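These notes are about the structure you will find just below.
Computation of the quantities below employed the complete heavy-atom set of this structure, encompassing side-chain atoms and omitting hydrogens, waters and symmetry-equivalent molecules. Everything numeric in this text was worked out from a predicted model, so none of it was measured.
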Amino acid sequence: MLRVIAIDGPAASGKSSTAGLVAKRLGWAHLDSGALYRALTLAVLDNIGEGGRGKGDAWSGSRIVAVAERLPVRLVLVSEEFRPEVAGVDVEGAIRSERVTRHVSALAAIPEVRTWVNAQQRRAVEGVKVGGGAEGVVVDGRDIGTVVFPEAPLKIFLTATPDERARRRLSQRGEAVDGEVVRRESQALAARDAADSNRRIAPLKPAPDAVLLDTTALTLEQQVARVVELARGLFPG
Ligand code: CDP
Ligand code: CDP
């Protein structure tokens, strides 16, 4: 049995925080697939530039994959957390910038980019199984249950209202959570969700056998406890 828990959902629904805490409680590793798309976006913006999009083939899938391989862009396992690296530098902080957030969905819609990212994820999960240590991997993203690990025995799809997600993202960044700012953040999240849901390849949607969890009225602790309980029922040991 594949020891993978897939956690998918829209932006700022709590995927990474939930996945990280569930992994800790189970003694598993955590892989945030969005961090790899973000690291690749950062590398492309710095090495190809945003002006490239739409002009000739500057943002072609093959050119992006070549940049990813050359630098390289990769995931490195540190204390059971896969961390994104570009050219040997940890970029976990840099990939959360507004500039990366603005461009990441366009890059993630390119088929060759997704093929490359998916191969990195599958290799990372195989490495954990071979290397021992963690007993499994909690992977979070948009298409983990539908495309990357459709055979995962436990698939969770997290949701929360757009305003609640906007408030969470603003508090996470340490910003004021007032009416107008919430409205703007909520619109930005909705635009990214629309781009991720409407793309032709691997759109954001729940797998048919995913457990849907609306977290709007839950605390982080409550949703973590729920996923851990489901996992303990499914994974022996
Ligand atoms: O943390 P947040 O929800 O803001 O986003 P993220 O998980 O860091 O993902 C950033 C972007 O990467 C998403 O908006 C998607 O465009 C893309 N992504 C994807 O297409 N497939 C995944 N499995 C994960 C992320
Ligand atoms: O990965 P994703 O973009 O889906 O969400 P995240 O980066 O985990 O951000 C969610 C933020 O909301 C974090 O600061 C969590 O602590 C917070 N939060 C939550 O995830 N779930 C709740 N029920 C309440 C708050």
Side-chain angles (χ1 to χ4, degrees), residues 1-40 73-85 90-93 95-96 104 117-160 165 168-169 171-172 202 204 206-207 209-215 218-237:
M1 177 169 67
L2 182 73
R3 293 179 75 88
V4 165
I5 297 173
I7 302 189
D8 292 299
S13 55
K15 302 178 297 294
S16 298
S17 311
T18 306
L21 287 166
V22 167
K24 267 207 182 77
R25 280 187 208 176
L26 297 175
W28 288 23
H30 170 214
L31 194 165
D32 171 0
S33 64
L36 194 49
Y37 284 101
R38 284 174 177 274
L40 195 47
V73 177
R74 57 190 198 127
L75 290 169
V76 180
L77 187 60
V78 181
S79 308
E80 312 301 357
E81 274 290 334
F82 282 97
R83 297 187 64 93
E85 253 188 34
D90 187 303
V91 291
E92 178 56 48
I95 60 172
R96 309 288 160 191
V104 63
V117 168
N118 293 350
Q120 308 307 305
Q121 292 186 66
R122 294 193 184 109
R123 201 171 306 150
V125 165
E126 273 163 29
V128 163
K129 282 196 307 208
V130 171
E135 299 285 315
V137 188
V138 186
V139 187
D140 77 274
R142 301 291 188 290
D143 62 341
I144 308 307
T146 50
V147 174
V148 190
F149 296 111
E151 68 280 39
L154 179 56
K155 299 170 189 147
I156 309 286
F157 195 87
L158 292 183
T159 58
R165 291 189 280 119
R168 289 179 189 174
R169 188 46 45 96
S171 328
Q172 195 179 28
L204 163 68
D209 54 344
V211 176
L212 305 183
L213 200 55
D214 182 343
T215 71
L218 298 184
T219 62
L220 179 59
E221 172 53 35
Q222 285 171 326
Q223 72 220 30
V224 168
R226 177 81 186 115
V227 179
V228 168
E229 178 190 297
L230 290 168
R232 294 218 160 107
L234 269 171
F235 296 96

From the options Ile156, Val211, Thr159, Leu212, select the one residue that forms a side-chain contact (heavy atoms from CB on, under 4.5 Å) with Pro206. Leu212
Keeping Arg165 on the side-chain end and Ala160 on the backbone end, is there a donor-acceptor pair under 3.5 Å? yes
Write down the atom of Gly20, the atom of Glu81, and the distance for their closest heavy-atom approach. CA-OE2, 4.3 Å
Do Val4 and Trp28 have side chains that approach each other closer than 4.5 Å (heavy atoms only, starting at C-beta)? no
For Pro84 and Ile95, the nearest pair of non-hydrogen atoms, with its separation, is CG-CD1, 3.8 Å
Scanning both residues in full, the closest heavy-atom pair of Thr18 with Gln223 reads OG1-NE2, 3.1 Å
Minimal heavy-atom distance between Phe82 and Leu31, with the atoms involved, is CD1-CB, 3.8 Å
4.5 Å side-chain heavy-atom contact, Leu158 and Ile7: yes
To the closest 0.5 Å, what do you measure between CG (Leu75) and CD (Glu85)? 9.5 Å
Compile the donor-acceptor pairs under 3.5 Å between side chains in residues 229-237 and protein atoms, sequence neighbours left out, one pair per line.
from, atom 1, to, atom 2, distance (Å)
Glu229, OE2, Arg226, NH1, 2.9
Arg232, NH2, Arg25, O, 3.3

Would you find a donor on one side and an acceptor on the other, under 3.5 Å apart, between the side chain of Ser13 and the backbone of Pro10? yes
Measure the spacing between CD of Gln120 and CZ of Arg74 and express it to the nearest 0.5 Å. 10.5 Å
Lys15 side chain vs Val139 backbone, donor-acceptor pair below 3.5 Å: no
Can you run down the side chain to side chain donor-acceptor pair (under 3.5 Å) pairs that involve residues 131-141, sequence neighbours left out, and say none if there aren't any? Ser16-Asp140, His30-Asp140
Show me the donor-acceptor pairs within less than 3.5 Å that the side chains of residues 142-153 make with the rest of the protein, sequence neighbours left out.
from, atom 1, to, atom 2, distance (Å)
Asp143, OD2, Arg114, NH2, 2.9
Thr146, OG1, Asp143, O, 3.4

Gap between atom CD of Gln172 and atom OG of Ser17 - 0.5 Å precision: 5.5 Å
Can you tell if the side chain of Leu26 reaches within under 4.5 Å of the side chain of Ile5, non-hydrogen atoms only? yes
Under a 3.5 Å distance rule, please check whether Thr215 uses its side chain to pair with a backbone N or O of Leu218 as donor and acceptor. no
